[in-house]
Structures are given as C-alpha cells and as structure tokens.
Participant: 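I have a structure I would like to understand better, so I am pasting it below and will then ask my questions one at a time.
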Protein chains: 2
Amino acid sequence: MTDLTSRQKIILSLIVHEHTRTAQPVASKTLIEDYGLPISSATVRNEMNTLAELGLIRQPHTSAGRVPTEEGYRFFVSNLVQQTVLPSATRNTISHQFYQSRRGLDHWLPLAASVLANQSQAVSLVTAPHSEKIAFKHLELISTRGLQVLMVLVLLGGEIRQQILALDEAYGQEVLSRTANHLNQEFENKSLRQIEALEPSNDPLVQQILTAILDQMHLSEDLVTGELFLDGLSNVLSTPEFAATNQERSPLRLLEERPMLNDLFSRTVLTEDIGGVQVLIGGEGTWQELRDCSVILTRYGIQDQLSGMLGILGPMRMPYGQAISTVRFVGDLLSDLVTDTLIE
Amino acid sequence: MTDLTSRQKIILSLIVHEHTRTAQPVASKTLIEDYGLPISSATVRNEMNTLAELGLIRQPHTSAGRVPTEEGYRFFVSNLVQQTVLPSATRNTISHQFYQSRRGLDHWLPLAASVLANQSQAVSLVTAPHSEKIAFKHLELISTRGLQVLMVLVLLGGEIRQQILALDEAYGQEVLSRTANHLNQEFENKSLRQIEALEPSNDPLVQQILTAILDQMHLSEDLVTGELFLDGLSNVLSTPEFAATNQERSPLRLLEERPMLNDLFSRTVLTEDIGGVQVLIGGEGTWQELRDCSVILTRYGIQDQLSGMLGILGPMRMPYGQAISTVRFVGDLLSDLVTDTLIE
DNA sequence: CTTAGCACTCTCCGATTGAGAGTGCTAATT
DNA sequence: AATTAGCACTCTCAATCGGAGAGTGCTAAG
C-alpha cells in the first residue's frame, strides 16, 4: 500500500494539509502556487488522477478540486503524518497547570479535558481511571441518624464509593467502627472474587454491610458507571461536520449515549495505531454518526492496574500531527500523575 | 399590567400555543379555523394590533403572522400559563425510577438530568447539592505507600472529599487512625469558621492534616467545584435557536463556562417566580447568548442546609406549562430524597 | 363593535443567467 | 516516456427576476 511515488505522497500530503486549512476542495493550481511545487499544474492533475484511482482522493463533482477520502486520510495518518513536537513553551505551560494545582484526580481529569479541547479545538473526552481488578482497600461506617449509616468504601487504586445504608437495627458508632475495623483487617487487598468466596457471617450487621460492599464492587466493575469529562463542545458547534442538518444524526449525540461510548472505548482493534495513540477515521463503518469525524484516543494510567481513556473527537479534516501529539502528551502526563498517586 | 380583556388574553394564549407548536408566525385565520374562535379574522386582527401596541406580539415583517415577543412570553408565563399536571402514569414511572434504583445521589442526579431532558425535550442541568454551612463530620486517614496518605473527609450533609497527602515523615496506619479518631472527636459537627478559630496544634502531622482539611473545606465552599450534570444536548442541536449561526454565540457555550453558570444560578431575583420555580426568559438582558432561549430553574434540597439547583434550558418557544410542572415535580422528588438521606 | 371585501406588501420558490473556477484532453516539447 | 501549454468544457455559485400565495391593513357596511 506504500507503493506511491514520493511525488504522489507529497501531493497527497499537501492536499490533506490545504484541505484541513480551508475546508475547500483543493485545486491543482493552488498546490503549485501556494506551495511552490516545481512542476506544472497539468502534471499535478495527472498525479491526482492516479491518486483518485487508488481511492485516496475524490472530486465532489466534475471540475472541482480534490478532497481526501476516508481512505486517503487513513493512508496519510498511517504513512505520511509527521508528529509535530509541541513547542516546549506549550508543554511547560500545560505541565505547570497540572503540577501547580492541588493534587487529585478530581482536578486533573477536568483539567485534562480542558487542555485537550483548547489545544485541539475539538471536543475532548476523558474517562476516570478504572481498576482492572476490583479489590478492597478500606471501609468506613459513619453513623448519621436513626437507622441510617453512611458507608464509605475505598477500593485499591483509590476509587471511592459511598452509599447510604438503612440498617435493620440501630447500632452505635462504637459498634460500627469496630465492625468496620474488623472487616478492614479481614478484607484488605482482597479482590471481589475472593470476598465473594468467603463464607458468610452470622452477624446480621456484617451480612448487610457485606451485601452493600459487594454491590458497590460490582458496580465499579462496569465501565458504564465511570465518570466522563467532556469539554470543547463549543469548538465544534459551528463546524459543518457537527451541524445537525441530518436530524438526530449529529456526532454529538454519541457523547450522550454511554453504551456507544463504551463500545467506542472498548474497541481494541483500531485501524491506525500510532505508538499507543489510536486514530479512528470516519467511524470505520460502525458508527454512522461519525461518518465525517475522527476520534483520536489513548489509554492512560498503569497497564493492568488502573487506567482510563482520553482523546478528542473532531472533524475528519483535522490537523492530525498536532492532535496526535497533544493526545499523547496529555496521556503521558496523566499516566505519570496516576502512577505517583496510586493507592496500593 | 393585567389590563387585557379576557378575549385578548385568549388570543395571546393561542398565539403562544400555536407558535410553540409550529415555530411559525401565527395568522389570524389560523386562530379562528384551528381553534374555533367565534369571531372573524378581522376582529382577531384588530385585537392583534392592540397586543402589538402593548409590545406583547410582533410581526417579523409586514404582512406576516404574529410572533410573541419576549415581553409577551413573560406576560404569558406570569398571568396566563396553566400548570399542567403531569399524568399520574408519567409521575409514577418517574418516581419508580428513583426509588427502585440503588439509593445515592450519584445515581439520582444523572437520573434527574435524564428525566428532565426527556420530558422537556430540552437541555437539562442539575447541580450536586451543596451545604450552606460547611461543617466537619468525619475524617479518615488511610496509609498507602511511602509517605503517601489518602485522606477522606466527610462533611455534614454527606459531601465526600478526598485528597492524597504527601507527608513529611512516614507514619504507620496505627498512628494515622489514632490521629484521625482524635480529630474526629475534636471537630465533629464544627463549622469551617470554628475549626479555623481553634488554636494550632504542635504535632506536625496534625498540622499538615489540618491544613488539608481546611483547604478542602474552603474548596467545598465555592460553588464552582460542585459537579454539574447535563443531559439532552441532542434535543436542541437541530433547533434554530441553538444553531451556531452567530459564531461562538450559541447558548450551549454557556454550559461550558462555569462562572456564567454560577452567575445564572446565583441570580436570586428572577423576573418570574412561580411557586419556587423561576423562569428566565430571553436572558433578561444580561445574557446575550440566551436571547432566544428560556431557562426554568428551581432549587431543591433543604433550605439553609443542603441544596442544589435543577432546571432546563430550551428555546424561548417552549411549552411552559408542562416544562414548569416537570421541573417542579423532579425538584420535589429530589428534595424528598435528599431529606431522607441527609447526613447529620 | 364587528365583519366582509379587497388592494397591497412581503416572502418564498423556481427558473434563468453569467461569471469563474477547475478540470480533462490533445498536441507539442523535453 | 514524462511533462507541459493551451483550450474547450463542465459544473457551481450568486445574483436576478417573476409569479404565486399568504396575510395583513383599511374601508365601508352591518
């Protein structure tokens, strides 16, 4: 598939670049004039014909300029895109924002979304990191009033889940604390499966709490529950690709449908895989809504322990080089932060 | 201001109703044909002239039908809107969703947003409830590794805040638990101000933790940090009022700007106040972006203790009766739930 | 005060037109 | 064999025009 002459590659790159800039079909004359190609427009047109036969570019209509096809973008991203290095000033500014602020994912995740959106001028998505293996870390029972007890459950990895329990019987804070401590010793670092396998207790209080703990751990197992941070919606509202001309078919709809998003995230086999950064171009036949869009995703965190997804969604006509670099950079940054603050 | 004849009120109501339905200017003939008014179109036109002089309706251009003005909608909402009662089937369905699911705000809030969005076919906003007075409830220190400690802070009202502390010196879980218990006894139910007023401890560990606690309590004081749940974006993407024709001026932009949102929420003096539900029509001169939109808001929770905001944002042309009822219903529902599970 | 009647105005839609952009093809050149 | 100049051709886009239709405002009669 790499059997393009170097001149054809240059021309394809230029078409992609120019079309990204102007959103217009690219004329042969534009290329030689604006980019100073040392050949004539007729030659460019001949090459364009070849590229069109290969399905990499197309004409919106006879006698118009050329536009990259989905395939064309794919070829470009796989073979031609040059990773831009973010200017060190930009990198420093971004890092600084993360390291100066209070430590904690609750700040970092929205911040990551914000940075991604601003840098890429697209929509950004960041999911909260999620443990591969759910395991118990710490339990706390806090008496509130009447039969109500606030249960705070900390999982390995640092995920915190809370629930209000309505107990069958009133217990003092004294008893609750003792029970919690007892369970803390018994369960520490045990996985969901291990806890499930333990034989049930006779104590009704323990039984009730155990049920709640298992409930919460099961919930935490589902990706669906994880928090999702979005930003940059306003960046794309005005672009034609996101306009809701085609009623109800706007790509933004995807962002509100958790099942679809999880599907998107869990798609491990993506067509383009650039050093951990995955590029999904034009919905890859699966997502109608993304026909004119691209998604750039990466996983961050710690392999097999605590990881999340982060990426951007923008028009297919997108500065891929910069976008990929930005996603990678922010991903690496978050990975470092997560590693530093891992609860184990 | 209520000095309209009853016939004028009927005509205004019908114009509002019809325009809400069709989004088109309303002709005099339409009113008598579709709504069976026992008068002629000429009479209707005369009345329309009066209404136009009062600034309640206007013509987009000479010889077109009439459209309600901002003032017209305001008059309608203040004087004419009839609160529809949600069908009991609908009410039951909604209640059921809340009461069947696991108890906990983390489920209820997104659910409320989803219900509001579906019912109103507009964008919904729900903020997490927030304590008026920040006060300490419970502290937990969990040793993780090295110098790192996970601090979990429960505030009165049930808000949970977590932070990872990097201590100066390594302490065992033993010491941490003792310290936490000690602070729990000393601080229980104390407000931020009271804790600030206490004289500092000599223990360096306590000092460091106290700093973190106060930091977190201060953060919790800012509305800005509260979580915000949105839903129903796709409901309005295709409506002209939300289209980003006027670049960067889409009402949806507001939803990404926390300062603006807080401003909106904190605006206590709203022009229309219907039994706790506030209706903001056309941005009220303050929000340019909302020129063609309306916001229906209400506060839920427990007065002076733990409360949040919830509401919808839709086109000015909106079925106010139903929208107001829905907002009120969901607000009351959440208030009940919050009251039931209050941490005190 | 209400209404029938009618002229008037303004929008909307389709058809028409001309200019301009950009191509494809052919024949000449390197 | 590859490149290029030249030119006719095609298609879009924007502007213009005109007629149909919707809806009003006004006047005069009931």
Participant: Which atom names give the shortest non-hydrogen contact between G232(A) and V123(A), and what distance separates them?
Facilitator: O-CG2, 3.9 Å
Participant: Does a donor on one side chain sit under 3.5 Å from an acceptor on the other, for R58(B) and T69(B)?
Facilitator: no
Participant: What string of B, S and - do you get for nucleotides 20-30 of chain D 5' to 3' if you count protein non-hydrogen atoms under 4.0 Å?
Facilitator: ---BBBB----
Participant: Are any of S40(B)'s side-chain N or O atoms less than 4.0 Å away from OP1 or OP2 of dT3(C)?
Facilitator: yes
Participant: Rounding to a whole Å, what distance do you find between I39(A):CD1 and dA2(D):C1'?
Facilitator: 12 Å
Participant: Taking five pairs at each end of the helix from dC1(C)-dG30(D) to dT30(C)-dA1(D), what angle separates the two helix axes (nearest 10°)?
Facilitator: 30°
Participant: Under the rule for salt bridge (Lys or Arg N to Asp or Glu O under 4.0 Å), what residues qualify as partners of R317(B), not counting sequence neighbours?
Facilitator: E241(B)
Participant: Checking side chain to side chain contact (heavy atoms under 4.5 Å, CB included) against I57(B), which of L12(B), V67(B), T50(B), V26(B) comes through?
Facilitator: L12(B)
Participant: Can you check whether T5(A)'s main-chain N or O pairs, donor with acceptor, with Q8(A)'s side chain at less than 3.5 Å?
Facilitator: yes
Participant: Look up atom CD1 in I312(B) and atom CG in N235(B), then write down how far apart they are to the nearest 0.5 Å.
Facilitator: 10.0 Å
Participant: Using nucleotides 12-17 of chain C, report all nitrogen or oxygen pairs with the protein that are shorter than 3.5 Å.
Facilitator:
none

Participant: Should the ring pair Y73(B) and Y320(B) be called parallel, tilted or perpendicular, given that the plane angle runs from 0 to 90° and is split at 30 and 60?
Facilitator: tilted
Participant: Under the salt bridge (Lys or Arg N to Asp or Glu O under 4.0 Å) rule, collect the residues that match up with E33(B), sequence neighbours excluded.
Facilitator: none
Participant: Who are the salt bridge (Lys or Arg N to Asp or Glu O under 4.0 Å) partners of R7(A), not counting sequence neighbours?
Facilitator: E47(A)
Participant: Quiz question: by atom type and distance under 3.5 Å, do the side chains of E256(A) and S234(B) form a donor-acceptor pair?
Facilitator: yes
Participant: Rounded to the nearest angstrom, tell me the gap between atom CG in L31(A) and atom P in dT4(D).
Facilitator: 14 Å
